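Down below is the structure, laid out as structure tokens.
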Amino acid sequence: MSKVLTALQPSGVLHIGNYFGAIEPFVKLQDSGNTNVLFVVDYHAITVPQEPEMLRKNIMFATATYLAAGVDPKKTLLFQQSHVPQHTELAWILNCIAHMGELERMTQYKDKTRGKGEAVTVGLFDYPVLMAADILLYETEIVPVGEDQKQHVELARDLAERFNKRFGETFTIPKPQIRKEGARIMGLDDPEIKMSKSAKSEKNFISLMDDDKTIEKKIKSAVTDSQGTIKYDEKRKGLANLITIYSLVTGQTNNQIEESYKGKGYKEFKEDLAKHLNDFLKPLQNKIKTYLSDETELKNILDQGAKKAQILAEQKMKDVRNKIGVY
Ligand code: ATP
Ligand code: LTN
């Protein structure tokens, strides 16, 4: 039995990149009988400005999405990060062994701060250390994430090793798990950058809540090239991304897709892709709406999860406090 843990930010409506990069892989591992932890990282979300009412709504939305995607609170500890204060407590202690240089090297930090000058918060800089605390509190072995988070999980490994070396065996060394296809769904409007909910244009992503008309419009305007044939080629980034999405929502292989579009063009391919995406998302959307309609139940699930998580986290923190000499 391996311990699997992942987390997502409640920073807006989730998109298919989040779904295929992190949620679906997590649900698959959950069903193979592992010990699981999944939480909504609200304290990560506030590293960039959040409107409080919106944040509250997004936390509920993220929770409803996990449940709709098949996260089972009986098999998985499902909770809100801020409800288990040991996360921030351990982050502080890890801050005191983390080096400025290693945080400065984080590519996500560099990407998110480019051109922002002095307005960058300390929280955004320190975000990977809080993430390391998230992971190390629960003796996590496997962290299913999208490609962009690999470097952060590696930092968690480094900090765990450093702590263990200095204070004695305390933390399990975690490993990132990145799926082969779908680890990095690219933006529809710009296949050079990953699909992102914080993208400037709505045309960049397919949100899990997009309706059929919106999906159709976004897929129709997705960037391809002038070659016109349906053939998977990494160099044809726009088309390769669309074929990957097609494969993820239908379960067909790239070869099967190429076969069925022999002699056909982008128009037909895109129309079908939009339809398949819609067929894939509709049942998920209905389930999300059902869960959202009972906020009391959602809060109840999160509270139950937090209570159990606090017990595990406190056990680990007792050991940590003792090892560093504050207890
Ligand atoms: P944004 O999408 O705004 O950049 P983010 O990357 O911070 O936000 P999170 O909600 O924190 O998104 O990410 C949740 C999970 O989804 C992470 O494991 C991340 O790697 C994964 N993920 C995000 N974008 C993609 C993508 N385009 N393709 C595959 N996985 C992704
Ligand atoms: N930083 C991640 C979210 C995150 C996470 C974690 C993922 C916070 N803590 C622990 C896996 C494990 C992101 O923005 N995608």
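Owing to the predicted nature of the structure, the values given are computational and were not obtained by experimental measurement. All values below were derived from every heavy atom in this structure, side-chain atoms included, with hydrogens, water molecules and symmetry-related copies excluded. Order of listing sets the numbers, starting from 1, for every ligand and every atom in it.
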Ligand 2 versus [X]: contacting region, heavy-atom distance under 4.0 Å:
X: Val143; value: side chain
X: Val145; value: side chain
X: Ile135; value: side chain

Inset, instruction - Decide, yes or no, whether a salt bridge links Glu154 with Arg157 under the criterion of side-chain N to carboxylate O below 4.0 Å. - result: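 Answer for the salt bridge query: no.
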Inset, instruction - Considering the heavy atoms of Gly21, write down every atom of ligand 1 situated less than 4.0 Å from one of them. - result: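 Per the distance check, 29 (C), 30 (N).
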Inset, instruction - Show which atoms of ligand 1 fall inside a sub-4.0 Å distance from at least one heavy-atom site of Gln9. - result: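 Near Gln9, meaning under 4.0 Å from one of its heavy atoms, ligand 1 has 7 (O), 10 (O), 11 (O).
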Inset, instruction - Using the rule that two of Ile, Leu, Val, Met, Phe, Trp, Tyr join whenever any of their side-chain heavy atoms come within less than 4.5 Å, decide whether Phe26 and Phe61 are in one cluster. - result: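 Same cluster: Phe26 reaches Phe61 through Ile, Leu, Val, Met, Phe, Trp or Tyr contacts under 4.5 Å.
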[X], any N or O under 3.5 Å of ligand 1 N or O:
X: Gln108; value: no
X: Pro144; value: no
X: Asp148; value: yes
X: Lys194; value: yes
X: Leu14; value: no
X: Ile185; value: yes
X: Met195; value: yes

Inset, instruction - Number the atoms of ligand 2 from 1 as they appear, then name those within less than 4.0 Å of a heavy atom of Thr6, with their elements. - result: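 So the atoms of ligand 2 that pass are 11 (C).
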Inset, instruction - Any atoms of ligand 2 less than 4.0 Å from a non-hydrogen atom of Leu5? List them with their elements. - result: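 Heavy-atom distances to Leu5 below 4.0 Å select 10 (C), 12 (C).
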Legend entry - Pairwise distance CG(Asp210) to CD(Glu202) - rounded to 0.5 angstrom: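 Rounded to the nearest 0.5 Å, the CG-CD separation comes out at 7.5 Å.
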Legend entry - Euclidean distance, Leu312 CG relative to Thr35 OG1, rounded to 0.5 Å: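 Thr35 OG1 to Leu312 CG: 10.0 Å, rounded to 0.5 Å.
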Inset, instruction - Check the angle between the aromatic planes of Phe20 and Phe280 and answer parallel, tilted or perpendicular using the 30° and 60° thresholds. - result: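 Ring orientation of Phe20 relative to Phe280: tilted.
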Inset, instruction - Measure up the Phe269 and Tyr261 rings against each other and bin them: parallel (under 30°), tilted (30 to 60°), perpendicular (over 60°). - result: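 Geometry flag for Tyr261 against Phe269: perpendicular rings.
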Legend entry - Within-4.5 Å side-chain heavy-atom neighbours: Val41 and Leu130: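 No, every pair of side-chain atoms sits at 4.5 Å or beyond.
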Nearest-neighbour protein heavy atom for [atom], which is reported as residue plus atom name and distance:
atom: atom 7 (C) of ligand 2; value: Ala7 O, 3.4 Å
atom: atom 1 (N) of ligand 2; value: Tyr127 OH, 2.8 Å
atom: atom 9 (N) of ligand 2; value: Asp134 OD2, 2.6 Å

Inset, instruction - Go through the steps to decide whether Asp233 and Leu239 satisfy the test side chain to side chain contact (heavy atoms under 4.5 Å, CB included), and finish with yes or no. - result: CA-CA 8 Å; Asp233 175 354; Leu239 180 69; over 6 Å; no
Legend entry - Heavy-atom nearest option to atom 8 (C) of ligand 2, drawn from His44, Gln9, His152, Gln149: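 Comparing heavy atoms across His44, Gln9, His152, Gln149, the nearest one to atom 8 (C) of ligand 2 lies in His44.
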Legend entry - Six-ring centre of Tyr138, Lys316 cation under 6.0 angstrom, axis tolerance 45°: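 No, Lys316 does not lie over the aromatic ring of Tyr138.
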Legend entry - Any His15 heavy atom less than 4.0 Å from ligand 1: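 Contact present.
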Inset, instruction - Could you check His152 against Tyr109 for ring-ring contact (aromatic ring centres under 6.0 Å, His included), going step by step and ending with a plain yes or no? - result: CA-CA 10 Å; His152 292 161; Tyr109 173 73; 9.9 Å; no
